[in-house]
Novice: 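There's a structure below that I have some questions on.
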Amino acid sequence: MDTLTVETHARRLLGAMLTHGDVTVRITEVEAYGGTDDPASHAFRGPTPRSAIMFGPPEVLYVYLSYGMHYCANVVVGREGDASAVLLRAGEVVREVDVARSRRGQVPDVRLARGPANLTQALGLALAHNGSSLTGPEVVLRRPDVLAEAISAGPRVGVSQAADVPWRFWLTGDPTVSAYRRSPRAAAPEPLG
DNA sequence: CTACCGATATTCT
DNA sequence: GAATATCGGTAGA
């Protein structure tokens with residue numbers, strides 16, 4: 001059975017290759033969302049039509065509509081019922097870059113999959129992929145056997161609840177990682193003691 | 001580079 | 001009615 005924490009699952013997604021159709025993205029930045037115990041999680045108040053997939057089996061996509069406009073993709077992790085998930089925040093397009101460019105428009109290549117909605121758009125994922133298996137045939141996730149790069153950790157982007165929990169992870173120094181933006185409604189940062 | 005702003009579906013008060 | 005796991009445009013340092 002799965003006894004790994006959601007943070008460990010998040011770290012293990014760094015360097016992973018996510019393929020949809022022809023496009024492959026190497027994941028460089030993620031955020032952990034810890035199910036019903038995490039006030040920043042969509043699962044915190046129990047299942048809703050939007051978050052129902054989080055409460056099911058792991059190793060599927062959780063795709064949701066953000067701010068009424070953008071799609072964001074997560075990997076459901078942990079045991080069935082945990083409702084834990086890892087938001088895919090940024091990556092490097094490593095295959096069929098021209099297809100990703102056609103979806104994203106006129107931006108530098110390092111920005112093709114920078115930001116969760118941009119990564120999802122570069123891969124061509126949408127609400128139809130909510131609940132899709134990560135073992136194919138349409139969507140495939142391959143985790144690395146070993147990770148060469150160092151991992152950094154810090155607070156999650158844009159969340160106003162549990163704003164100081166360091167559950168954002170990224171490959172140290174990677175040029176595709178997004179900039180940190182704290183929620184304007186978050187409480188004042190907790191000073192280092 | 002940073003800061004602000006508006007678009008707008010789902011969810012909660 | 002208000003908040004939200006965002007983004008691209010515009011303005012300014």
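So that the names make sense, note that chain A is the first sequence line, chain B the second, and so on, each numbered from 1. FYI, side chains are in, hydrogens and waters are out, and symmetry mates aren't considered; it's all heavy atoms of this structure.
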Novice: Nearest of C:dA5, B:dT10, C:dC7 to any side-chain atom of A:R50?
Specialist: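 The answer is B:dT10, which lies nearest to the side chain.
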Novice: Any side-chain N or O of A:R45 under 4.0 Å from OP1/OP2 of B:dT13?
Specialist: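 So the side-chain polar atoms of A:R45 do come within 4.0 Å of the phosphate oxygens OP1 or OP2 of B:dT13, strictly under.
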Novice: Please evaluate residues A:Y64 and A:H42 with respect to the criterion ring-ring contact (aromatic ring centres under 6.0 Å, His included), reporting the C-alpha separation (whole Å), side-chain torsions for both, the decisive distance (0.1 Å), and the verdict.
Specialist: CA-CA 10 Å; A:Y64 72 95; A:H42 288 170; 4.6 Å; yes
Novice: Heavy-atom count around A:R111 CZ within 6.0 Å, excluding the residue itself: above 12?
Specialist: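 No.
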Novice: Stacking between B:dA9 and A:Y67, yes or no? Criterion: centroid separation under 5.5 angstrom, plane angle under 30 degrees.
Specialist: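 Base of B:dA9: not stacked against A:Y67.
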Novice: Between A:R101 and A:L112, is there a side-chain heavy-atom distance shorter than 4.5 Å?
Specialist: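 A side-chain contact exists here, since the closest heavy-atom pair is under 4.5 Å.
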Novice: Check whether the side chain of A:Y64 and the base of C:dA5 form a donor-acceptor pair under 3.5 Å.
Specialist: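 When only heavy-atom distances are counted, A:Y64 does reach the base of C:dA5 through a donor-acceptor pair under 3.5 Å.
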Novice: What stems, by residue range, does DNA chain B take part in, given at least 3 consecutive Watson-Crick or G-U pairs under 3.5 Å?
Specialist: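 B:1-7 with C:6-12, B:9-12 with C:1-4 - these are the stems of 3 or more pairs that involve DNA chain B.
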Novice: A:R185 has a side chain; which of B:dT11, C:dT4, C:dC7 sits nearest to it?
Specialist: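 Among B:dT11, C:dT4, C:dC7, the one nearest the side chain of A:R185 is C:dT4.
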Novice: Sticking with atom C1', work out how far C:dG8 lies from B:dT10, rounded to a whole angstrom.
Specialist: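 Comparing C1' positions in C:dG8 and B:dT10 gives a spacing of 22 Å.
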Novice: Report yes if a side-chain nitrogen or oxygen of A:R104 is closer than 4.0 Å to either non-bridging phosphate oxygen (OP1 or OP2) of C:dG8; otherwise report no.
Specialist: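 Yes, A:R104 has a side-chain N/O under 4.0 Å of OP1/OP2 on C:dG8.
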Novice: A:R89 side chain N/O closer than 4.0 Å to the phosphate oxygens (OP1, OP2) of C:dT6?
Specialist: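 For A:R89, the contact criterion (side-chain N or O under 4.0 Å from OP1 or OP2 of C:dT6) is met.
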Novice: Would you measure the distance from the C1' atom in B:dA9 across to the matching atom in C:dG9 and give it in whole Å?
Specialist: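 The same atom, C1', in both gives a distance of 22 Å.
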Novice: Does A:L65 reach the side chain of A:Y71, with side-chain heavy atoms less than 4.5 Å apart?
Specialist: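 The answer is yes, as the side chains (C-beta and beyond) meet within the 4.5 Å cut-off.
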Novice: Would you mind reading off the distance between A:L87 atom CG and C:dT4 atom P, rounded to a whole angstrom?
Specialist: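 Atom CG in A:L87 sits about 16 Å away from atom P in C:dT4.
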Novice: Starting at the 5' end of DNA chain B and moving along, which residue's nearest nucleotide shows up first, A:G68 or A:H42?
Specialist: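 It is A:G68, whose closest nucleotide lies nearer the 5' terminus.
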Novice: Describe the nucleic acid contact of A:R111 in one word from base, sugar-phosphate, nothing, applying a heavy-atom distance below 4.0 Å.
Specialist: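 No contact.
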Novice: Distance check needed: C:dT4 P versus A:Y71 OH, whole Å only.
Specialist: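 For the pair A:Y71 OH and C:dT4 P, the rounded distance is 22 Å.
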Novice: For the side chain of A:M69, starting at C-beta, report the closest nucleotide among B:dA7, C:dC7, B:dA9.
Specialist: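 For A:M69, the side-chain atoms sit closest to B:dA7.
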Novice: Is there a side-chain contact between A:T48 and the phosphate of B:dT11, meaning an N or O under 4.0 Å from OP1 or OP2?
Specialist: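 So the side-chain polar atoms of A:T48 do come within 4.0 Å of the phosphate oxygens OP1 or OP2 of B:dT11, strictly under.
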Novice: Look at the side-chain N and O atoms of A:S41 and state whether any lies under 4.0 Å from the OP1 or OP2 oxygen of C:dA5.
Specialist: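 False: A:S41 side-chain N/O out of range (4.0 Å or more) of C:dA5 OP1/OP2.
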